[in-house]
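Below, read A as the first sequence line, B as the second, and so on, with proteins coming before strands; counting in each chain starts at 1. Heavy atoms only: backbone and side chains are in, while hydrogens, waters and symmetry mates are out.
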Amino acid sequence: MATQTMTMAKALNEGLRAAMEKNKKVLIMGEDVGKLGGVFRITDGLQKDFGEDRVIDAPLAESAIVGTAVGLAIRGYRTVCEIQFDGFVYPAFDQIVSQVAKLRKRSDGVYTMGLVIRIPFQGGIGAIEHHSESPEAYFAHTAGLRVVSCSTPNDAYWMIQQSIEHDDPIIFCEPKSRYWEKGEVNLDQPPNGLFDAVVRREGTDVTVVGYGSTVKTALRAADTAAQEGLSLEVIDARSLAPLDLETMAASLTKTGRLVVVQEAPHTASVGSEIVAALSERCFYSLRAPGVRVSGYHVPYPPTRIEEDYRPSVDRVLDAVDRVMGFDS
Amino acid sequence: MATQTMTMAKALNEGLRAAMEKNKKVLIMGEDVGKLGGVFRITDGLQKDFGEDRVIDAPLAESAIVGTAVGLAIRGYRTVCEIQFDGFVYPAFDQIVSQVAKLRKRSDGVYTMGLVIRIPFQGGIGAIEHHSESPEAYFAHTAGLRVVSCSTPNDAYWMIQQSIEHDDPIIFCEPKSRYWEKGEVNLDQPPNGLFDAVVRREGTDVTVVGYGSTVKTALRAADTAAQEGLSLEVIDARSLAPLDLETMAASLTKTGRLVVVQEAPHTASVGSEIVAALSERCFYSLRAPGVRVSGYHVPYPPTRIEEDYRPSVDRVLDAVDRVMGFDS
Amino acid sequence: MIDEELVQLLTPEGERVSHPEYASTLSGEEILSFYRDMVIIRRLCNESTSLQRQGQLALWAPVQGQEAAQIGAGRALAPMDFTFPTYREHGIAWCRGVPPEDMLRLFRAVSNGGWDPQKYRHSVPTIVLGNQALHAVGYAMGVQRDGAEEAVLTFFGDGASSQGDVLESFVWAASFNAPIVFFCQNNQWGISTPMSTQSKIPLYHRAHGFGFPGVRVDGNDVLAVYEVTKRALESAREGGGPTLIEAYTYRLGAHTTSDDPTRYRIDAEVEVWKHRDPIERVKSLLVREFKIKTSVFDDLAAEAEALALKLRDDVLAMDRPDPRSMFEHAYAAPHPLIDEGLRDMVELGVGGGAH
Amino acid sequence: MIDEELVQLLTPEGERVSHPEYASTLSGEEILSFYRDMVIIRRLCNESTSLQRQGQLALWAPVQGQEAAQIGAGRALAPMDFTFPTYREHGIAWCRGVPPEDMLRLFRAVSNGGWDPQKYRHSVPTIVLGNQALHAVGYAMGVQRDGAEEAVLTFFGDGASSQGDVLESFVWAASFNAPIVFFCQNNQWGISTPMSTQSKIPLYHRAHGFGFPGVRVDGNDVLAVYEVTKRALESAREGGGPTLIEAYTYRLGAHTTSDDPTRYRIDAEVEVWKHRDPIERVKSLLVREFKIKTSVFDDLAAEAEALALKLRDDVLAMDRPDPRSMFEHAYAAPHPLIDEGLRDMVELGVGGGAH
Ligand SMILES: Cc1ncc(C[n+]2csc(CCOP(=O)(O)OP(=O)(O)O)c2C)c(N)n1
Ligand SMILES: Cc1ncc(C[n+]2csc(CCOP(=O)(O)OP(=O)(O)O)c2C)c(N)n1
Ligand SMILES: [Mg+2]
Ligand SMILES: [Mg+2]
């Protein structure tokens, strides 16, 4: 088994490279993806190796980045669009919701919307406004799309390749605060299906579901809780739409208690969906209501205080206490 | 008490007229709102009476309709933007999410985003694609916005005026399938606060929450259920963000059973939020999990089959059966 | 001539005029076949309007007055070119070989598309104004990458010309020198919005500001539209990059069957344009120059009539789809919510087609 | 001269040149005060860069090289005009009277804005490329409705010129004949994207395609920028409608302190532009034509130095905000989720400012 230690940024870069080598129809398009290698260097070196026709520096217009990728998909290409930061995906929202999500249906299955929209999302890097958003709920709500998020270099490497190969359009959310964290990548085979949730740590008292950046937060909380004698099971949702409710329900059947951790505000969010869906599936197992730890319902704050906005270990533990405090 | 019977379309028209008479800073802007009076005639006659400077026929560009309304708000105007159909609000999504929702915060409270974005939403009129969507969850999820929906002419008349007077930006969702239904309008005083949910029919067995078009569906279901000896309490949510959870929780405390009815697909929706939030608030009262009756997770279908997509009385009753079937 | 910048080869009276840059290359036979297409499209359009009036269609977007713009453009295409239409390009669809009944599936509300876009090399209708212009540029970028000698032709109206997507598509087409022709049918109205709300100057000027050529052609002159479009497509195929064509024309009918144009435009304007009818002027030419006999026209009218009757039959035969079909093609791969929805629907006893 | 279309009144060497349409109206004293503004802005910008290097700012967007474009435009404003900036308009903010420390609140990540936009008639910075252009047009439509003699000036870069919002703002400005001036600083780069990716022809041509005037001015010539902007603003105030000004300039520094321009541009290009420095040429003029003495320049340098030190002190004194402040001004009226969030935060023991 060939494994290699690398950062998530490097793993994405290698995953993109592998996909481009495998399939000549794979393109990369976005702002500054060429010589600069993207502001996070995810596409570093790819233009040099695959040429300007396959790694395309775009004029600065997100609706066009996605809209032309749709046209390229109709022509048989598979474009990986890079959105520079989460807050800049909204100019492309119309193309994503009205076209990317609906064209397969509208063409009665003739068109394959082979495109992946990569979005560095969530906060935690001390950036200025619009650079720390969590837009995943908008896409999860939209029929016709799929939404996934990686939390480890190994997943990053494989999930980007699986997404590019997949025939449905995929919103690929990358937790930018984890780009520089290292992990082992197994270069031989993918760890899981693209839409599988994964139990990252087993436990018996409370099921904690996170994704992207919050998986690590949940794992840290589990460490702390363990010292207090509480056993948290941590699940990395990985696929936000569709959700792997089976894996979550299996855990909940065991623990009876659910905490969901996300950076997005909680109203009509992926967290709402997890709580609502599992409350239906696991009604008899639930010993406490599902609780969400989320960003607050305010515009993302100036980042000197972002750690008070983002779910912290403390806030997760507080939620764990709350669900443990219920008796039923 | 002066009351008058009119359609919801007429009630909105009269409400807009009253708001324009009261405050010279109120403007209307949108596609075809002038001579044509809007494709649904909601603004009929207003340009004739208030002039082209106050009822502005826009070039065909939604981002600009909302973006210029933001500038007008900064200048002290209050613009009611008409989005012609739900499916055409997405080109304006960036302005709504990045600017309308965030400019008060960014200006530390100096800017008042006095604008209302009217969206004829939901299906049921046999239209072609993009004319029957339910985009409310996107806006409910967005911190900085408020989202309301009327279901009766009286609410339409008052809620549009309350929205225009309100200092936060409001997404005003109008159930287009109800435009031509008549009801009594009390011209003297508003029935409720803008953000209050209202119990439309009292009952004891199951709480059914709807909004916009689905309130009537819920009421019809309650009629049928009554014949079978089941007593449904029907709540019109009216405000989708923020939700009036108190009113809903009070009902649930009584019934212990919850069904939410919406046309939008269920993933990460307003329905998810209602179920998740109430499962937390009413954990001990709940005798069954909250259940959602929603549009399916597919692009809105060709409208010859839309009634199989939209929540029907049958589907509501089926959900009622399901929550009644739980025992706990 | 409506204005000096306008490319025109045939006057409203059916007289040929010369133009310094364009000359008609069409034989009498070809012109007659263009005439045939226009007559058929008008007849099918009228049939569709009456089908809508009779409750058989949810909506119809008439094309009356724009037949020359569409047939001129549609006939200029090479088989391997690809087209991206709006909801009103029935004439283009016809030229691409889309069966008339397929054009009506959208309007009968039994499909959100209606035909196989790859088979006819004619994309599904785009209703959200302007979105298709970016698809077209992207497709053209694909053509470039394939090294193919193909062009892309995309359509939008005077109203849609104000949308960010259309304007961004100009930026991209110029930046990548994409093999694309933008065909704007300026029919003077976007529902009730007059052209003057979108621009104070002729629309074809926009192209110059983005660095590529723009041409205004008499959109009611099928000879001129054909030559202008053909040259632009050739240029695109040969690496000459994008062209914007503004076909100056007029929407003789309502925006759609839901619209009431008497609320916003005066009869006199419509009358003026009736005198510029795109079909009549070709007929004059055919009669005068090519001595086409009445019987030929009668035969064509009869052919159009037969097609209209067939269309009516085909439409009436279009059943309500099986509701379960809404779950098909929403996703390419299996999806739990699709399975769940279908299961719920079946449990509710829904299924089967017409009722 | 860089190209023939460029309005220039002062060469890079500081020699006056005449232009058929524009002449400088500025006295020596005024030119000196423009020089002062530019020197101060450059000094404050350098201070901000070093503050960032020292970890005191999250980010900084340098304005080096663009001082003439900004001071020329900023000084052309009348007090009641209103401005809509991006994240890089430090020179404009300065001209509007925004205290330098307020300009840095965004970059110290203690605010998403930083100053009172109504007080200074200078809107908060817009980071999403192009959004502000539509706000500016809307504001200008408000000015029209108030019957006020005011103009609106909005800024964007060569990169942002490709965004739909900027292009739609051209449509609207023309349609409503709004009292607005679009000021595009073409600094040749949008992060790593060269100008040639956005347009193959000069950007000011775009305006013509939308039906209003466009002018290209030497953005490193403060005299020319001032005259061109002043005339455009006057025209706007007098009902002449919109103008697009393309200030042809150069971003001498990095895009932001996070950027590494060595990856995408060559030193030689930067060197060329250093010879066109906007500050040096004015200094030459002041020395040669107005005999300004070294001591005056020394005094100005000292003044700039003092302001930089004060800025440093002010920034260091900017505490981390009280986390509870995130709930302020999110909504105008009470909101249950604000109350709930604040309550949760307080229960968690969060509160208070610096730590
Ligand atoms: C983004 C968007 N906004 C609004 C509409 C509603 N709408 C449909 S057609 C139309 C007018 C379009 O005018 P034009 O582009 O001139 O095309 P025409 O209908 O004249 O062929 C409008 C406003 C839409 N389809 N898409
Ligand atoms: C909609 C959007 N997309 C992407 C970005 C990221 N971004 C910030 S500045 C920039 C380059 C802008 O270039 P230009 O408009 O020329 O302005 P300059 O920075 O040169 O002043 C980009 C791509 C953004 N802020 N907004
Ligand atoms: Mg039109
Ligand atoms: Mg730039």
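Contacts of C:Ala136 with chain A are absent, with no heavy-atom separation under 4.5 Å from either backbone or side chain. Within the 4.5 angstrom heavy-atom criterion, only backbone atoms of A:Glu52 (N, CA, C, O) approach chain C. Looking at A:Ala73, neither its backbone nor its side chain comes within 4.5 Å of chain C, counting heavy atoms on both sides. Of the atoms belonging to A:Tyr111, it is side-chain heavy atoms, and not backbone ones, that fall under 4.5 Å from chain C. Heavy atoms of C:Arg121 lying under 4.5 Å from chain A belong exclusively to its side chain. Of the two parts of C:Ala148, only the side chain, counted from C-beta on, holds a non-hydrogen atom closer than 4.5 Å to a non-hydrogen atom of chain A. Neither the backbone nor the side chain of A:Met113 comes within less than 4.5 Å of any heavy atom of chain C. Neither the backbone nor the side chain of A:Lys102 comes within less than 4.5 Å of any heavy atom in chain C. Residue C:Thr126 touches chain A through its side chain alone, counting heavy-atom pairs closer than 4.5 Å. Using a 4.5 Å cut-off between heavy atoms, C:Val143 contacts chain A through both its backbone and its side chain. Using a 4.5 Å cut-off between heavy atoms, A:Ala69 makes no contact with chain C at all. Neither the backbone nor the side chain of A:Leu60 comes within contact range of chain C; no heavy atom of the residue lies under 4.5 Å from a heavy atom of that chain.
C:Thr86 meets the side chain to side chain donor-acceptor pair (under 3.5 Å) test with C:Glu89; sequence neighbours excluded.
Comparing C:Gly114, C:Gly142, C:Gly113, C:Ala133 by heavy-atom pairs within less than 4.5 Å of chain A, the highest count is held by C:Gly142. Contacts with chain C were tallied for A:Asp167, A:Leu103, A:Thr112, A:Asp94; A:Asp94 has the most, counting heavy-atom pairs under 4.5 Å.
For C:Phe82 and C:Phe84, the distance between ring centers is under 6.0 angstrom.
Between the side chains of C:Tyr139 and A:Arg75, at least one donor N or O sits under 3.5 Å from an acceptor N or O. C:Gln198 and C:Ser161 form no side-chain donor-acceptor contact under 3.5 Å, judged by distance and modelled atom types alone. Donor-acceptor pairing under 3.5 Å is lacking for the side chains of A:His141 and A:Glu273. Neither side chain, A:Tyr77 nor A:Asn23, offers a donor N or O lying under 3.5 Å from an acceptor on the other.
Note on A:Glu82 versus A:Arg118: salt bridge recorded, some NZ/NE/NH1/NH2 to OD/OE distance being below 4.0 Å.
Figure legend: cation-pi geometry between A:Arg104 and C:Tyr331 absent, as NZ or CZ is not positioned both under 6.0 Å from the six-membered ring centre and within 45° of its axis.
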